[in-house]
Amino acid sequence: MTADALALSDALGRLATTPRLLVALDFDGTLAPEVDAPLQARALPEAMDAIRRLSALEQTTVALVSGRDLASLAEVSRTPDEVLLVGSHGIEVRVDGHETSLSDDERAARARLSEAVHRVAEGHEGVFVEEKPAGLALHTRLADEATTEAVHASAREAVGALGGMHERVGKNVLEFAVRATGKDDGIERLREVVGATGVLYAGDDVTDEDGFRALGDGDLSLKVGPGETRAMHRVADPAAVADLLAELAGLREHLGHA
Ligand SMILES: [Mg+2]
């Protein structure tokens, strides 16, 4: 066993002894190998088995934390109701089969945001608006450069006038939301809901670095695959994640949480 593998095994052994455990997992690239068609993605059967074992244990909660919206995450993950789901980078949460998302105030703000941005986009060729759970995305990849610049400037002015909105810039897309989002928010929320004394979070992507930021002493952060990370430990791929979850389930069962 390498030094890294030994350190991970030690950390897993310590985490298994925590009184109330939260096992939070990214989905795509972490439980499910990447596929071209997003709705075809499925968790490895070994990962699903381990998740079922962990979910069945006392004082042990499993949650999926994804950038997908909640409906898409529920469809591809096919997890039992006791598995908590956090979609849209922390905005949408399914707890005990009940979904919670925006407050009444946020819903009203979202409606004002939508109206303002649709008004800006109207009549511009190649510009379209995609509705998102907590806001929207203004797409300009089909528009020319001059139109893109003009539309972005107008949108920022209109949204700025509303106040309190959050902006995220992507490739040919400008996103506005009524709530700042990150997987760290999602994990903090889950830690509270569950009353967790120890948290495992595993993820493979740049947005998972936000998730790792929410972890501290007594938690276990796990990067899946290559790339720079703030996580304490690393495994190669979803198959290795499934192995680790099975090991954790075995340790927890042995410690009498069954
Ligand atoms: Mg991922």
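Just so you know, ligand 1 is whichever comes first in the structure, and atom 1 is the first atom listed for that ligand. Hydrogens, waters and symmetry mates play no part in the numbers below; they use all other heavy atoms, side chains included.
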### Task
Show the numbers, then the answer: is there a side-chain hydrogen bond (donor to acceptor under 3.5 Å, both in side chains) between Ser72 and Asp69?
CA-CA 6 Å; Ser72 160; Asp69 65 53; 4.7 Å; no
### Query
Among the protein atoms near the Mg ion (ligand 1), how many are N, O or S and lie under 2.8 Å away?
3
### Query
Hey, are Asp4 and Arg234 close enough for a salt bridge, meaning a charged N less than 4.0 Å from a carboxylate O?
no
### Message
Check this for me, if you would: do Lys183 and Asp26 make a salt bridge, where the nitrogen-to-carboxylate-oxygen distance has to be below 4.0 angstrom?
### Response
yes
### Query
How many angstroms lie between atom OG1 of Thr17 and atom CZ of Arg252, to the nearest 0.5 angstrom?
8.0 Å
### Query
Between Arg191 and Asp219, is there a side-chain N and carboxylate O pair less than 4.0 Å apart?
yes
### Task
Decide, yes or no, whether a salt bridge links Glu131 with Arg110 under the criterion of side-chain N to carboxylate O below 4.0 Å.
yes
